[in-house]
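One structure is given here, and the rest of the page talks about it.
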Amino acid sequence: QVQLVESGGGLVQAGGSLRLSCAASGRTFSSVAMGWFRQAPGKEREFVAAFFWSGGRTYYDDSVKGRFIISRDNPENTVYLQMNGLKPEDTAVYYCVLYTTVYTGLSDPKSWGQGTQVTVSS
């Protein structure tokens with residue numbers, strides 16, 4: 001079992017910044033990457049960003065490129081999502097995810113956290 005615990009969500013004004021953290025514990029030895037999804041009210045969950053251990057490759061949805069940065073603290077098994085230039089449309093519950101394979105693509109992570117709310121006011 002893998003446990004993913006998110007923190008760092010909250011309320012921020014448009015143009016502001018937040019940093020989300022996700023700590024992984026448990027059976028993480030088979031992981032190949034971690035990342036973030038989000039779900040806005042009335043919408044489906046969508047991919048935001050991912051960090052793959054091999055080569056430190058990162059991937060971003062087009063909607064957050066240039067504004068969000070995903071990074072990893074290896075010894076602590078933690079990933080971060082630095083969110084800058086936040087917009088009201090970034091308002092969503094943000095979920096930390098863990099991948100155990102590269103073959104199913106970015107849309108099919110193995111494990112999910114409980115989520116943390118990010119609200120951006122205009």
Side-chain angles (χ1 to χ4, degrees):
Q1 290 279 23
V2 171
Q3 294 80 43
L4 303 173
V5 179
E6 304 101 333
S7 61
L11 173 64
V12 64
Q13 288 189 332
S17 299
L18 280 175
R19 189 176 83 152
L20 305 182
S21 301
C22 175
S25 61
R27 297 172 65 85
T28 61
F29 56 86
S30 60
S31 67
V32 300
M34 288 176 66
W36 296 90
F37 278 62
R38 67 185 180 186
Q39 186 169 21
K43 295 188 177 181
E44 295 184 354
R45 284 184 187 181
E46 62 178 8
F47 169 79
V48 175
F51 188 112
F52 279 74
W53 310 153
S54 177
R57 292 170 294 149
T58 57
Y59 299 88
Y60 298 93
D61 182 76
D62 286 345
S63 64
V64 305
K65 277 182 183 175
R67 299 189 298 124
F68 291 10
I69 301 171
I70 188 169
S71 61
R72 179 194 187 191
D73 183 347
N74 192 1
E76 299 299 325
N77 230 9
T78 299
V79 291
Y80 304 95
L81 185 68
Q82 178 66 43
M83 305 185 293
N84 302 317
L86 283 162
K87 305 174 181 179
E89 51 263 44
D90 293 318
T91 294
V93 177
Y94 283 71
Y95 297 90
C96 178
V97 298
L98 181 141
Y99 299 86
T100 55
T101 178
V102 301
Y103 299 111
T104 55
L106 297 170
S107 62
D108 189 25
K110 178 69 172 179
S111 302
W112 294 77
Q114 293 300 306
T116 184
Q117 177 70 46
V118 171
T119 302
V120 184
S121 63
S122 57

Just verifying a value: how many Å separate [X] [atom1] and [Y] [atom2], rounded to the nearest 0.5 Å?
| X | Y | atom1 | atom2 | result |
| --- | --- | --- | --- | --- |
| Leu18 | Thr116 | CG | OG1 | 9.0 Å |
| Gln3 | Arg27 | CD | CZ | 11.0 Å |
| Leu86 | Gln13 | CG | CD | 11.5 Å |
| Thr91 | Gln117 | OG1 | CD | 7.0 Å |
| Arg45 | Ser107 | CZ | OG | 13.0 Å |

Please check if the side chain of [X] supplies one atom and the backbone of [Y] the other of a donor-acceptor pair under 3.5 Å.
| X | Y | result |
| --- | --- | --- |
| Glu6 | Cys96 | yes |
| Thr28 | Ser25 | no |
| Arg57 | Phe52 | no |
| Thr58 | Phe51 | no |
| Tyr60 | Ile70 | yes |

Treat each ILVMFWY residue as a node, draw an edge where side-chain heavy atoms are under 4.5 Å apart, and state whether [X] and [Y] are in one component.
| X | Y | value |
| --- | --- | --- |
| Val48 | Val102 | no |
| Val93 | Trp112 | yes |
| Phe37 | Leu81 | no |
| Leu98 | Tyr59 | no |
| Val32 | Val97 | yes |

Steps toward side chain to side chain contact (heavy atoms under 4.5 Å, CB included) verdict (Leu106, Tyr99):
CA-CA 8 Å; Leu106 297 170; Tyr99 299 86; 4.1 Å; yes

In terms of side-chain geometry, is the basic nitrogen of Asp62 or Lys65 positioned less than 4.0 Å from the acidic oxygen of its partner?
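Looking at Lys65 together with Asp62, the answer is yes, because their closest N to O distance falls below 4.0 Å.
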
Assign the ring pair Phe68 / Tyr94 to parallel, tilted or perpendicular, where the plane angle (0 to 90°) is split at 30° and 60°.
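Phe68 vs Tyr94 ring planes: tilted.
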
Minimum heavy-atom distance Leu20-Gly9, with the two atoms named:
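Reported closest heavy-atom pair: CD2-N, 3.6 Å.
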
Taking all non-hydrogen atoms of both residues, which atom of Gly85 and which atom of Ser17 are closest, and how far apart?
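What the structure gives for the nearest pair is N-OG, 4.4 Å.
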
Should [X] and [Y] count as side-chain neighbours, where that means a heavy-atom distance under 4.5 Å?
| X | Y | result |
| --- | --- | --- |
| Trp36 | Arg38 | no |
| Val12 | Val120 | yes |
| Tyr95 | Leu4 | no |
| Met83 | Val118 | yes |

Should side-chain heavy atoms under 4.5 Å link Ile, Leu, Val, Met, Phe, Trp and Tyr, which residues sit in the same cluster as Phe29?
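Its cluster partners, ordered by chain and number, are none at all.
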
Does Gln114 have more than 12 heavy atoms from other residues, nucleotides or ligands lying within 6.0 Å of its CD?
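At most 12 heavy atoms, drawn from other residues, nucleotides or ligands, come within 6.0 Å of this atom.
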
